[in-house]
Novice: 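Dumping the structure here so I can ask a few things about it.
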Amino acid sequence: RERYEDSPLTYLGEYAGFSYSYVLPEELPDAFLKPDRSDYDYQQFGKPIRLLKKMVNAVPAILRSFRFIG
């Protein structure tokens, strides 16, 4: 756990000698920016932006499904 203190990764646990963690995007990728880089291009990338936000919001439910046996 000490290795994860300054890391963007969130520690989940260990199992069978492997350490498990996850990381979420803090902001949308630069690929979704307008050419002048002033804001995100919701007109062109609205669907992928909504999907990414939906996936991030689903993480808590997914994490509750993890079980480390042992």
Side-chain angles (χ1 to χ4, degrees):
R1 286 183 179 233
E2 291 176 17
R3 294 180 185 166
Y4 289 89
E5 287 179 5
D6 295 332
S7 173
L9 299 172
T10 302
Y11 178 81
L12 289 175
E14 292 181 30
Y15 179 71
F18 292 98
S19 181
Y20 294 87
S21 62
Y22 71 95
V23 65
L24 295 175
E26 293 182 9
E27 56 185 69
L28 294 170
D30 288 348
F32 294 151
L33 287 172
K34 292 180 181 178
D36 64 1
R37 304 182 71 75
S38 63
D39 194 14
Y40 294 105
D41 191 346
Y42 294 99
Q43 181 80 21
Q44 183 177 358
F45 298 110
K47 187 173 183 177
I49 289 171
R50 285 190 303 277
L51 287 171
L52 184 59
K53 287 182 178 183
K54 195 175 199 178
M55 289 188 306
V56 168
N57 290 334
V59 168
I62 294 167
L63 292 175
R64 283 192 298 272
S65 73
F66 277 62
R67 302 287 182 262
F68 293 101
I69 301 168

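These values consider heavy atoms only, across backbone and side chains, with no hydrogens, waters or symmetry-generated copies. Numbering of residues begins at 1 and proceeds along the displayed sequence.
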Novice: Would a hydrophobic clustering, with Ile, Leu, Val, Met, Phe, Trp and Tyr connected at side-chain separations under 4.5 Å, put Val56 with Ile49?
Specialist: no
Novice: Would you say Leu9 ends up clustered with Tyr11 if hydrophobic residues are merged whenever their side chains have heavy atoms under 4.5 Å apart, either directly or through other cluster members?
Specialist: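 Yes, it is one cluster - the side chains of Tyr11 and Leu9 are joined through contacts under 4.5 Å.
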Novice: Measure the spacing between CD of Gln43 and NZ of Lys34 and express it to the nearest 0.5 Å.
Specialist: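 It is 9.0 Å, given to the nearest 0.5 Å.
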Novice: In terms of heavy-atom contacts, does CG of Asp6 have more than 12 from other residues, nucleotides or ligands at under 6.0 Å?
Specialist: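 Not more than 12 within 6.0 Å, no.
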Novice: Please give me the minimum heavy-atom distance between Ile62 and Ser65, naming the atom from each residue.
Specialist: O-OG, 2.5 Å
Novice: About how many Å separate CG of Leu33 and CG of Asp41, when rounded to the nearest 0.5 Å?
Specialist: 9.0 Å
Novice: Taking salt bridge (Lys or Arg N to Asp or Glu O under 4.0 Å) as the cut-off, I'd like each qualifying pair that reaches into residues 45-58, sequence neighbours left out, listed once.
Specialist: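 Counting only pairs at least two positions apart or across chains, no salt bridge (Lys or Arg N to Asp or Glu O under 4.0 Å) contact touches residues 45-58.
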Novice: Does any non-hydrogen side-chain atom of Leu12 lie less than 4.5 Å from one of Leu63?
Specialist: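 Leu63 reaches Leu12 side chain to side chain.
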Novice: List the atom pairs, donor and acceptor, that lie under 3.5 Å between side-chain atoms in residues 20-27 and the rest of the protein, sequence neighbours left out.
Specialist:
none

Novice: Keeping to residues at least two apart or across chains, list the ring-ring contact (aromatic ring centres under 6.0 Å, His included) pairs with something in residues 28-47.
Specialist: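 For residues 28-47: Phe32-Phe45.
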Novice: Do Leu28 and Leu52 come within less than 4.5 Å of each other through their side chains, counting heavy atoms only?
Specialist: yes
